[in-house]
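Computation of the quantities below employed the complete heavy-atom set of this structure, encompassing side-chain atoms and omitting hydrogens, waters and symmetry-equivalent molecules.
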Amino acid sequence: MSIDSILAQAVAEALKALYGAEIEASKIVPQTTKKEFEGNLTIVVFPFASKKAPEATAREIGEYLVAHCEAVRSFNVIKGFLNIVIEPKFWNGVLGHIATTPDYGYKACTPDSELVMIEYSSPNTNKPLHLGHVRNNLLGYSLSRIMQANGYRVVKTNIVNDRGIHICKSMLAWQKWGNGVTPESAGKKGDHLIGDFYVLFDKNYKAELKALKEQGMTDEEAEKASPLMQEAREMLKKWEAGDESVRSVWRMMNEWVYAGFDETYKRLGVDFDKIYYESNTYLEGKEKVLEGLEKGIMYRREDGSVWADLTGDGLDHKLLLRSDGTSVYMTQDIGTAKLRYQDYPIDKMIYVVGNEQNYHFQVLSLLLDKLGFKWGKDLVHFSYGMVELPEGKMKSREGTVVDADDLMDEMIANARQISAEMGKLNDVPEAEAAEIARIIGLGALKYFILKVDPRKNMTFNPKESIDFNGNTGPFIQYTYARIQSLLRKTAEAGMAAEIADVEPNEKEISLIQRLADFPGVVAEAGRSYSPAQIANYVYELVKEYNQFYHDYSIMKEPDAAVRAFRIKLSEVVGTVIRRATGLLGIEVPDRM
């Protein structure tokens, strides 16, 4: 049992004995005592105050705990806050519990656990993954690990936007100016090649618009008259009609893109249990919308378009099928939901999508609920902020996006260069040095993005992220490697690692208490859908350990029992660092 549980149970017994109050121990949540006060854990007594003043109530509870709970050494009262000093040697037992608990900090998943489906990535097949996709994928994958650690069954899913006018733009450009080029003949990843044609289309389209406007046309007239855009629209119509000449090119180019995506996903360390494709789901969505039309949930306008009236829910009228019968994104999402609900008994659905889609998911939640999906009303839109570079915003059509592959290359190269400058990999074989640089570079990228509150917009600075000091991935990885080095050296020297009968000092107690916080942090990260909770926790743990490592000898400690205790403490800190970073999808090297 954790120290928090022991203390909560003891306080519940005190309330019953002193005041006859029946309070469940689960309702009593000890908090870490603020650093300016003496104590390890604090109980807020205001909710349990008797007819006496809060200070008097806190004092009576404190006296009861000292007399009846062997874990409590002393207490002090600040207004209605009861600050409790835990018996120092009791922390040895806490450390022992942590060290011997398999998967410490994680809750077990059972066949009866709730099933959570998490959608992330959602790329278009007309361009490679970019920095915005990196944040999306890292958040989605980390959230899936966190939800699993909270005892949920998790299905990781992706919806690929593989149809629409934007796809036709790349296809048309390839047909016009590609000269039959393939990824193999170009020596390029397929997604990069297709992205080049998307940019090429836009370049030629803009040139057309400029020429048309110079002839006296307005912006709107030029857009309608553009031969390129007319061809792209005609191609989309043919695709929707099942024209095999268009479909065959579409399939070929999509396969090129998927191969490129798979390579990027693998390198980024993310994966999916199930991938859905818009080309399969949009027809399902149309069918579901027409079913809603029959039931009176939707209505048809004079031009033949189908809408949902959401004014009664405080929103507006939402288009679901255009007058020509073609679908919109909302229709596709309804179709995808239908297929997912057929495939899995979903209890909760989480969509990892940027905050520019907040309104879309408000509407989707209402429509799914009206159409009978039991989780529709409670779907979660994990809404995150945009990510930019110090130079500013990115635009796919203009080719100014930061490509995910290029970014990973840069991060790994930076890690290799900085490690070399610091002399950290001088004696390491080349293959191992390259692998360590990969781990450090990607760890820096992932940590820098995940440490930020996901709801906030952020600026990603590659140079800041790779720093070996401060709140960075390499700082955390280096601390882990330092601990592994210590454990190797102590093992070679035949030094024991055990929880001996010693009284831990203040810094050691603080470290153990930080370790004891881990399960609560994992739980809170799951409740708030925030990988940043884990990132900030592991940084604070690492900072605390480095201070301890600086202030106290370990291998040179003359007292064998104290030395063994400190080695064991270091080992457990390393284990929790690895578990915490694992929830972020970050690897930790055994040496750096």
Side-chain angles (χ1 to χ4, degrees), residues 113-125 136-137 139-141 143-144 147 152-164 240 272-299 305-310 312-313 315-322 325-384 529:
S113 296
E114 284 190 30
L115 178 68
V116 176
M117 180 176 279
I118 302 175
E119 175 194 292
Y120 56 97
S121 198
S122 309
N124 295 326
T125 57
N136 180 294
N137 278 279
L139 286 170
Y141 183 75
L143 184 61
S144 74
M147 297 305 282
Y152 292 97
R153 290 180 296 139
V154 173
V155 175
K156 296 167 287 183
T157 185
N158 186 0
I159 173 70
V160 178
N161 300 302
D162 64 341
R163 61 172 286 278
E240 295 213 352
F272 307 95
D273 301 307
K274 179 79 173 180
I275 297 180
Y276 293 88
Y277 299 91
E278 184 185 344
S279 55
N280 295 329
T281 65
Y282 84 105
L283 290 174
E284 298 284 349
K286 288 175 74 171
E287 183 183 303
K288 201 70 185 170
V289 167
L290 292 174
E291 181 187 309
L293 185 63
E294 286 179 20
K295 294 179 178 177
I297 299 169
M298 285 85 177
Y299 70 94
S305 58
V306 177
W307 296 70
D309 181 359
L310 302 176
D313 300 287
L315 301 178
D316 55 11
H317 294 258
K318 178 64 185 175
L319 173 68
L320 295 169
L321 290 176
R322 298 186 186 96
T326 56
S327 61
V328 296
Y329 270 115
M330 188 65 68
T331 321
Q332 168 231 297
D333 277 347
I334 291 170
T336 308
K338 175 188 172 183
L339 290 179
R340 286 171 174 165
Y341 195 65
Q342 288 174 355
D343 292 342
Y344 299 95
I346 302 168
D347 293 301
K348 186 179 287 293
M349 182 73 215
I350 302 175
Y351 293 86
V352 181
V353 182
N355 56 18
E356 76 277 11
Q357 294 294 327
N358 285 352
Y359 180 75
H360 176 90
F361 284 96
Q362 268 186 286
V363 173
L364 180 62
S365 176
L366 283 168
L367 291 176
L368 291 177
D369 183 58
K370 291 176 188 293
L371 289 168
F373 294 95
K374 69 175 185 178
W375 47 265
K377 207 166 190 176
D378 298 321
L379 73 78
V380 176
H381 173 205
F382 179 2
S383 172
Y384 64 90
Y529 308 116

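Closest approach of Ser122 and Asn161 over heavy atoms only: O-ND2, 3.4 Å. Pairing each heavy atom of Leu321 with each of Thr331, the nearest pair is CD2-CG2, 4.0 Å. Here the closest non-hydrogen pair linking Leu320 and Ala308 is CD1-CB, 4.0 Å.
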key: Check against side chain to side chain contact (heavy atoms under 4.5 Å, CB included), Met349 and Leu368   = CA-CA 11 Å; Met349 182 73 215; Leu368 291 177; over 6 Å; no
task = Determine, step by step, whether Asn358 and Ser383 satisfy the side chain to side chain donor-acceptor pair (under 3.5 Å) criterion, reporting the C-alpha distance in whole Å, the side-chain angles of both residues, the deciding distance to 0.1 Å, and the verdict.
result = CA-CA 7 Å; Asn358 285 352; Ser383 172; 2.7 Å; yes
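Counting only distance, with no hydrogens or angles, the side chain of Asp347 and the backbone of Val116 share no donor-acceptor pair below 3.5 Å. Side chain of Lys370 to main chain of Met298: no donor-acceptor pair is present (N/O by atom type, distance under 3.5 Å, no hydrogens or angles). Formation of a donor-acceptor pair under 3.5 Å by the Asp309 side chain with backbone atoms of His317 is not found in this model. Under a 3.5 Å cut-off, the side chain of His381 and the backbone N or O of Gln362 do not form any donor-acceptor pair. At distances below 3.5 Å, not a single donor-acceptor pair connects side-chain atoms of Asp162 with backbone N or O atoms of Thr125. Counting only distance, with no hydrogens or angles, the side chain of Thr157 and the backbone of Glu119 share no donor-acceptor pair below 3.5 Å.
Side-chain polar atoms of Tyr344 and Asp273 form no donor-acceptor pair below 3.5 angstrom.
Here the rule is side-chain contact (heavy atoms from CB on, under 4.5 Å) with Ser365, and of Asp378, Val380, Asp313, Leu379 only Leu379 fits it.
For the pair Glu284 and Lys288, the salt-bridge criterion is not met [side-chain N within less than 4.0 Å of a carboxylate O].
Remark: Trp375 CH2 to Asp369 CG distance equals 10.5 Å, nearest 0.5 Å. Note that the CG atom of Asn158 and the CD1 atom of Ile275 stand 5.5 Å from one another [nearest 0.5 Å]. How far CD1 of Ile159 is from OG of Ser121: 11.0 Å, rounded to the nearest 0.5 Å. Rounded to the nearest 0.5 angstrom, Phe272 CZ and Asn137 CG are separated by 5.0 Å. A distance of 7.0 Å separates CE of Met117 from CG of Asp343, quoted to the nearest 0.5 Å. Residue Asp316 holds its CG atom at 8.5 Å from CH2 of Trp307, rounded to the nearest 0.5 Å.
Between Leu367 and Val289 there is no side-chain heavy-atom pair separated by less than 4.5 Å.
Using a 30° and 60° split on the angle between ring planes, Phe373 and Tyr341 fall in the perpendicular class, above 60°. The aromatic rings of Phe382 and Tyr529 lie tilted to each other, with the angle between the two planes from 30° to 60°.
Seen from the ring of Tyr276, Lys274 counts as a face-on cation partner, given the 6.0 Å and 45° thresholds.
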